[in-house]
Protein chains: 2
Amino acid sequence: MKHSQARRSLCPINFTLELVGDPWSLLVVRDIVYFGKRTFGEFHSSAEGIARNILAERLDRLVGAGVLTRRPLESDRRKQEYRLTEAGLDLIPLLLAAADWGAAHADETDAPPWWIAYVRASPTDAADLVREVVRSGGSIFSGEQTVVERLTRSGAIRIDDGLRLS
Amino acid sequence: MKHSQARRSLCPINFTLELVGDPWSLLVVRDIVYFGKRTFGEFHSSAEGIARNILAERLDRLVGAGVLTRRPLESDRRKQEYRLTEAGLDLIPLLLAAADWGAAHADETDAPPWWIAYVRASPTDAADLVREVVRSGGSIFSGEQTVVERLTRSGAIRIDDGLRLS
DNA sequence: TCACATTGGTTGCATTTCAAAACCGATATT
DNA sequence: AATATCGGTTTTGAAATGCAACCAATGTGA
């Protein structure tokens, strides 16, 4: 794993913070993992409203660090497709922990309660499942292949009025 | 949980990032959890070299958000003692996930390999144990009551040439 | 085919944040 | 009483951020 700047210390937490310790980088990873986003425009359209120059700089940095890959999209060569590397997929437990803390302590969030409950009950299983789905091109909530669909099929969640854990 | 600034979105990950999504805040929490630090001077002396004004601002913010408590130290009234609230203790899984990622992807770290292996093998147990020790005034590595000592006593780790998992 | 729209950036500029050092009041030590 | 320590604040210059305008390459529709 490359690091462009000099390390402040040899602490592994510090290492992680030097790469993704800012208010934006992990939102890009979230967009991929939760919503299957892959292009500059999709990241830019997220609710938090990241500035275009900041987004471009963060994408460069994450590609340079080996967290993302970038390649031209053959269906539309104006677009680049960003995907997670294995190191990027390794950020999934961190993302789930951040989501858990936020859902626990924010007055209000838009996270589905059943999803938070599932992650809280089985964090390791959840991380493994999310990793497998995202690696094979899916995401947690959006697109063709979703974690939600997998859990529904497996009977781990049930549909009546809304989704809930079985 | 209070938030001083306007929320950028209702995403729980975004909520977490708005509070601790900077290169310094989690280092303070790390100093408490891993090394039992509790005062301004102790935080300031950490290897990363945080500036005094930044540290003061982050401590204010974390206290205001309900992650830390601050009270004058009766043994030396020049000092304030900072401790984690329950919400602060809830950050432990996030911290362990950040440490795991850093240790996995940095070329070199100062994290004891046996500790990383333990956290990786039993993340939930590790988080629970760390939480209990830190809540009762201890830390992972330093001071009177440590997680290392607890694991050694329980036989989970063994001492021969260095520590290792049993 | 050719004007026009979209896309992923880059540039310029004003504002905010950060970093480093000096400084300060309160408390502790000798 | 003199001095040192502690937690913070202030000051000042450097860096990062946020915003809008701009641009080249590619795609789209008449």
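Proteins come first, then strands; the chains are lettered A, B, ... in the order of their sequence lines, and each starts at number 1.
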Scan the side chains in residues 30-38 of chain B for donor-acceptor partners under 3.5 Å anywhere in the protein, sequence neighbours excluded, and list what turns up.
unit_1: B:Arg30; atom_1: NH1; unit_2: B:Glu48; atom_2: OE2; d: 2.7
unit_1: B:Arg30; atom_1: NH2; unit_2: B:Glu48; atom_2: OE1; d: 2.9
unit_1: B:Asp31; atom_1: OD1; unit_2: B:Ser46; atom_2: OG; d: 3.2
unit_1: B:Asp31; atom_1: OD2; unit_2: B:Ser46; atom_2: OG; d: 2.7
unit_1: B:Lys37; atom_1: NZ; unit_2: B:Glu42; atom_2: O; d: 3.3
unit_1: B:Lys37; atom_1: NZ; unit_2: B:Ser46; atom_2: OG; d: 2.8
unit_1: B:Arg38; atom_1: NH2; unit_2: B:Gly137; atom_2: O; d: 2.6

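- Summarising the geometry, the separation between CG on A:Asp22 and P on D:dT17 is reported as 7 Å, rounded to the nearest angstrom.
- Counting to the nearest Å, the P atom of D:dT17 and the CH2 atom of A:Trp24 are 10 Å from each other.
- Contacts of A:Glu86 classified as side-chain hydrogen bond (donor to acceptor under 3.5 Å, both in side chains), with partners at least two apart in sequence or in another chain: A:Arg131, A:Arg135.
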Please list each protein N or O that sits under 3.5 Å from an N or O in nucleotides 20-28 of chain D, with the distance.
unit_1: D:dG27; atom_1: OP1; unit_2: A:Arg77; atom_2: N; d: 2.8

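- For residues 25-32 of chain B, proximity to DNA chain D is found at no residue, defined as any non-hydrogen atom under 4.0 angstrom from a strand atom.
- Checked by atom type, the side-chain pair B:Ser136/B:Gln145 shows a donor-acceptor distance below 3.5 Å.
- Here the P atom of nucleotide D:dG18 and the CD atom of A:Glu48 are 12 Å apart, to the nearest Å.
- With sequence neighbours left out, the side chain to side chain contact (heavy atoms under 4.5 Å, CB included) criterion links B:Asp60 to B:Arg70.
- Rounded to whole angstrom, the span from the NE2 atom of A:His44 across to the P atom of D:dG18 amounts to 13 Å.
- Applying the side chain to side chain contact (heavy atoms under 4.5 Å, CB included) rule to B:Arg52 yields the partners B:Phe40, B:His44; only residues at least two apart in sequence or on another chain are considered.
- With sequence neighbours excluded, the residues that form a side-chain hydrogen bond (donor to acceptor under 3.5 Å, both in side chains) with B:Asp76 are B:Arg78.
- Within 4.0 Å of B:Phe43, counting heavy atoms only, lies no atom of the nucleic acid at all.
- Distances shown here put a side-chain N or O of A:Arg58 below 4.0 Å from the OP1 or OP2 atom of D:dT17.
- Nearest-nucleotide assignment on DNA chain C puts the 5′-proximal partner with A:Phe40, out of B:Ile50 and A:Phe40.
- Spacing between atom CZ of B:Arg8 and atom C1' of D:dT17 amounts to 12 Å, rounded to whole angstrom units.
- The shortest distance between the side-chain N/O atoms of B:Thr39 and the OP1/OP2 oxygens of D:dG7 is below 4.0 Å.
- The side-chain hydrogen bond (donor to acceptor under 3.5 Å, both in side chains) test applied to A:Ser154 returns no partner, not counting sequence neighbours.
- With sequence neighbours excluded, the residues forming a ring pair (Phe, Tyr, Trp, His ring centres under 6.0 Å) with A:Trp115 are A:Tyr118, A:Phe141, listed by chain and number.
- Within the 4.5 Å cutoff, the side chain of A:Thr85 has no heavy atoms near those of the A:Leu89 side chain.
- Reading DNA chain C from its 5' end, the first and the last nucleotide to sit under 4.0 Å from a heavy atom of chain B are C:dC18 to C:dA28.
- A:Glu57 has its CD atom 11 Å from the P atom of D:dG18, to the nearest Å.
- Among residues two or more places apart in sequence or in another chain, the side chain to side chain contact (heavy atoms under 4.5 Å, CB included) test is passed with A:Ala103 by A:Ile116, A:Arg120, B:Pro12.
- Under the salt bridge (charged side-chain N to carboxylate O under 4.0 Å, His left out) criterion, the residue pairs touching residues 137-159 of chain B are B:Glu132-B:Arg150, B:Glu149-B:Arg153, B:Arg158-B:Asp160, with sequence neighbours excluded.
- The 5' end of DNA chain D is approached more closely, in terms of each residue's nearest nucleotide, by B:Gln80 than by the other of A:Gly49 and B:Gln80.
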